[in-house]
Amino acid sequence: MTSHVPNEARVIPLRPQAARPGARPAAPPVPPERRPPTVREPLWRDLVGDVLRRERLDQERTLKEVAEAARISMPYLSEVERGRKEASSEVLAAAAGALGLGLGDLLARAQGELVRLTSRHTGAGARRSAPTSGARFDGMCLAA
C-alpha cells in the first residue's frame, strides 16, 4: 500500500531544500541605483531621420522646401526626421533625392552613424578584420 492519502496532492520539490555541498551562496540582488546603465542600440528610423535633418540643415533649406521637392507632406517629412515614422524606401529615396543624395548615400551615412554610436558604447572599434578571401565588403544588408 502507499503512504499517501487518496484525493490529496503530493508536492514533489524541484530543488533540494538543503544547499548542495560546495555550492556558492547566491549573490544578493543588485539594487537598481547601483546597476550599470543599459545601452540600447539606436533605432534605424532615428538614424535615418538624423541624417536627413543634418543634411537639410547643412544645406540651409527649410522643411517646406525639401518636402515640396520630394513631393512629401511637410508634417510627414518632419515626423520622418524626428524618427516618429518608419518611412518606406520610396519616401526615403524621394527625401534623399530632394537633398541631392542617392538612397545608397543616405543609408550609408545612417550605417556609419550606427557603427559610430554602437562602437562608442561597446568599446569595440568600427573596423573589423578583413575577410580571408582578400575581398573587402563595406556594404550593408537590410531586410524588411
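Sequence positions, counted from 1, serve as the residue numbers for this chain. Reckoned from all heavy atoms, side chains included, excluding hydrogens, waters and symmetry mates.
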Would you compute the distance between atom [atom1] of [X] and atom [atom2] of [Y] and round it to the nearest 0.5 angstrom?
{"X": "Asp46", "Y": "Glu113", "atom1": "CG", "atom2": "CD", "value": "11.0 Å"}
{"X": "Leu99", "Y": "Arg54", "atom1": "CG", "atom2": "CZ", "value": "12.5 Å"}
{"X": "Leu77", "Y": "Arg71", "atom1": "CG", "atom2": "CZ", "value": "14.5 Å"}
{"X": "Leu92", "Y": "Glu86", "atom1": "CG", "atom2": "CD", "value": "9.0 Å"}
{"X": "Ser89", "Y": "Leu107", "atom1": "OG", "atom2": "CG", "value": "9.0 Å"}

Shortest non-hydrogen contact from [X] toward [Y]:
{"X": "Ala94", "Y": "Ile72", "value": "CB-CD1, 4.3 Å"}
{"X": "Val66", "Y": "Ala98", "value": "O-CB, 3.8 Å"}
{"X": "Ala87", "Y": "Val80", "value": "CB-CG2, 3.8 Å"}

- Query: When you check the gap from the basic side-chain N to the acidic O, do Arg109 and Glu55 get nearer than 4.0 Å?
  - Reply: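 Answer for the salt bridge query: yes.
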
- Does Arg53 come within less than 4.0 Å of Glu81, counting only side-chain N to carboxylate O? yes

- Does Arg82 CZ have over 12 foreign heavy atoms under 6.0 Å away?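 Yes, enclosed.
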
- Message: Check whether Ser78 reaches the backbone of Met74 with its side chain - one donor and one acceptor, N or O, closer than 3.5 Å.
- Response: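 Not a single qualifying donor-acceptor pair exists.
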
- Under 3.5 Å, is there a donor-acceptor pair between the side chain of Arg61 and the main chain of Arg56?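 It does not hold such a pair.
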
If you define the side chain from C-beta out and look only at heavy atoms, does anything of [X] sit under 4.5 Å from [Y]?
{"X": "Arg45", "Y": "Val48", "result": "no"}
{"X": "Pro42", "Y": "Asp50", "result": "no"}
{"X": "Leu117", "Y": "Leu47", "result": "yes"}

